[in-house]
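Please read the structure below before turning to the comments.
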Amino acid sequence: MPILTLPDGKTLSFDQPVTGRQVAESIGPRLAQKAIGIKVGLEIRDLDRPITADATIRILTPSNEDPDSLFLLRHSAAHVLAEAICALWPRTRLAYGPPIDEGFFYDMQVLDAAGEKVTLSDADFVTIEKKMAEIVKADKPFTRCDVSTDEGLKRTEGDLYKRDNAERAIAKGSQTISFYATGTPGQDWEDLCAGPHVPRTGVLGAVKVMSVAGAYWHGDQTSDQLTRVYGTCFADAKGLQAHLTKLEEAKKRDHRKLGREMALFHVDDENPGQVFWHPKGWSIYRTLEDYIRAKISANGYVEVKTPSVMPKSLWEKSGHWDKYRANMFTTESEKREFALKPMNCPGHIEIFKQGLRSYRELPLRMAEFGSCTRNEVSGALHGIMRVRGFVQDDAHIFCTTAQIPSEVAEFVRLLKEVYRDFGFGDDRIIVKFSTRPALRVGTDAQWDQAEGALADACQKANLSYIVAPGEGAFYGPKLEFTLVDALGRHWQCGTIQVDYQLPSAERLNATFIGEDGTKHHPVMLHRAILGSLERFIGILIEHYAGKFPLWLSPEQIRVLPITDDQLPYAREVAAGLKAAGLRATVDETPDKLGAKIRLARNDRVTYFAVVGEAEVTAGTIALQNQAGEKLGTPTRAELVQRLLAEVAART
RNA sequence: GCUGCCUUAGCUCAGCGGUAGAGCGCGUCCUUGGUAAGGACGAGGUCCUGGGUUCAAAUCCCAGAGGCAGCUCCA
């Protein structure tokens, strides 16, 4: 006798088990027609599976905003993709095809009639999409068929990957094995699948094959390499189009493209993963570095600088030689081995260990714009976001166990303050809290305290977090801060990690004299706000689409004389701005005003000032912003004041 | 690192067995023009590298390097 609670709180009661479709029909015929699935509690289900127990339910209809609806549509679209490819290459062996954030993929081995591997390329997409459109147009029902585990194993006999899936399902305790046919089971195409699916292929109007890539079976490098076909599906063509437009927009904002166009930096082909900063890019970099330097200085940090090259012996003691060797560049001199530092922590401990430390010096917040070099595999490199040489806004806080809560809380507060200055408010920060892993060092009491401090700090800072159980480092729990940019993309930046291990006697043996007059090991908090400056600038370029706010802008204002007659005045205006600490230039080309404006806007100059005869006479300039909005004709003094105020406000 | 695709002028790209091309940018000259491209002329190439096939290779084949996407990893 299920009693079902609807999202608005209304309840429906039934005398006997009902299907989702019957529930929808009892609410209204139009809803029943539109329904593609039902959410029972937290589980999304097919419309025609019976509901036997009380539950809160929600009827799912096609929607571009509802993640549950998209999940269902995309899961079914993956089947249609697989069916289409199987129709074109009947010997294809399917592996696994789940919905993902922006669509779905299907891993498979595509085989031709001779059993040879087929490599799919963009050229095949049209053919596949055409086949998919046929299947959608045929409006075939998704039909579920549950069979016994024995029968399930029999049906997947000889189908390597599906057989494996069935075995895994049984190992996890499945009593039956389910198949979904598009049409009639045993007659039409079918696929081993747990479901759920939409009722008919006809609701999958807006599907698209996006790309192909390689992927490993079970993500295991030593296992079979499969073809992964990516696709996406939306409730309607409008949703799909909006998605494609967003991808286009992301491509336009690509920091590698803008970095070249705006002459910010380059990465040399012969020197992968190393950034050459050009004057304008370096201007952004220095603004960022100066900003962080001022912030941490105001928050009780001291700044240090440690060497890039450090001896193997140090890395052995720190444990990096064991755990991180593959990612380190090494070198040698006079038969001694050295490594370029991949992290700054051992260097900071070396400084901490000079002389005797007293508990009175704690917490000691030691910061460094630390140049790190890591030998990342070539495939991992990406523009300036993922490089081999980068600088972290790193710091290590040496403190006592008792100081952990306040230090973490203080850090989270500072981090929020910094992120806000770049336009990332609370709603654009995602916090991941990684807790104790199975393999770990330290006592449970230490872990309890460290985890409690991290959770507490987030609550105090009004930041909600998602827990990643068991994902902490072996030496301590950590928080990771991810920014959501203007296009909704995620970028992990800040972090804070609790470490009892590195300062311990077994590792680098840092000590201080406590109140009791005996030696103690400090706790170390590894923390960064921006992460790497290179990566953060890459994020900012894409977030702002190259149109930096005034305080970060490499060219804050360009003066555009209408004719050469105004050149001397234009130079005076620019000189006045520069004297006030602003980044100003003059367009000295012989172009017409229209061309100068076009160039200034293409260069993403934040403001430009037109000066003609009228302005020279009046001692003013005609101000305009990047978007081309006219902002009046302030005097030179008013202009300086106005720009300085905007820089100070960081807007 | 693995799989796939790509590599032609500074940039974006066309050409795909038979003399190396376009637009933008760059240089020189003319033009002194009030809000998103004024005009003329010119310079600029190891068609990624090495090997092979061919009378002939930017073009076809093989290997390598680098780039891109994904996988894995990660700031």
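Chain identifiers are assigned alphabetically (A, B, ...) following the order of the sequence lines, protein sequences preceding nucleic acid strands; residue numbering begins at 1 within each chain. Quantities reported herein were computed from a predicted structural model and do not represent experimental measurements.
Straight-line distance between the P atoms of B:U49 and B:G10: roughly 13 Å, to the nearest whole Å. For the P atoms, the distance from B:A22 to B:G42 is 12 Å, rounded to whole Å. For the C1' atoms, the distance from B:C74 to B:C16 is 40 Å, rounded to whole Å. Taking the P atom of each, B:U59 and B:A9 are spaced 15 Å apart, rounded to whole Å.
Listed by residue number, the members of residues 253-264 of chain A with any heavy atom below 4.0 angstrom from RNA chain B are A:R256, A:R260.
The aromatic rings of A:F536 and A:F422 sit perpendicular to each other, their planes meeting at more than 60°, with 30° as the lower class boundary.
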What side-chain donor-acceptor pairs closer than 3.5 Å can you find for residues 208-215 of chain A, not counting sequence neighbours?
none

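Across all strands shown, the partner of B:U3 is B:A69, judged by Watson-Crick or G-U wobble contacts whose two distances both fall under 3.5 Å. Nucleotide B:C74 forms a pair with no other nucleotide shown, judged by Watson-Crick or G-U wobble geometry with both contacts under 3.5 Å.
Residues meeting the side chain to side chain contact (heavy atoms under 4.5 Å, CB included) test with A:P590, sequence neighbours left out: none. The salt bridge (Lys or Arg N to Asp or Glu O under 4.0 Å) test applied to A:R286 returns no partner, not counting sequence neighbours.
Salt bridge A:R293/A:D290: present, at least one basic N to carboxylate O contact under 4.0 Å. For A:D603 and A:R558, the salt-bridge test passes: some basic side-chain N is under 4.0 Å from an acidic carboxylate O.
The distance from atom CD of A:Q274 to atom C1' of B:G66 is 15 Å, rounded to the nearest whole Å. Protein atom CD1 of A:I537 is 19 Å distant from nucleotide atom P of B:A75, rounded to whole Å. What separates NZ of A:K251 from C1' of B:C13 is a distance of 13 Å, to the nearest Å. Atom CD1 in A:I384 sits roughly 13 Å away from atom P in B:C68 (whole-Å rounding).
No more than 12 heavy atoms of other residues, nucleotides or ligands lie within 6.0 Å of NZ in A:K130, so this atom counts as exposed by the packing criterion.
Every pair passing salt bridge (charged side-chain N to carboxylate O under 4.0 Å, His left out) that includes a residue from residues 535-547 of chain A is listed here, sequence neighbours excluded: A:R489-A:E542.
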- Note on the structure: Whether each nucleotide of nucleotides 29-38 of chain B has a protein heavy atom under 4.0 Å at its base (B), only at its sugar-phosphate (S) or at neither (-) is summarised, 5' to 3', as ---BBBBBBS
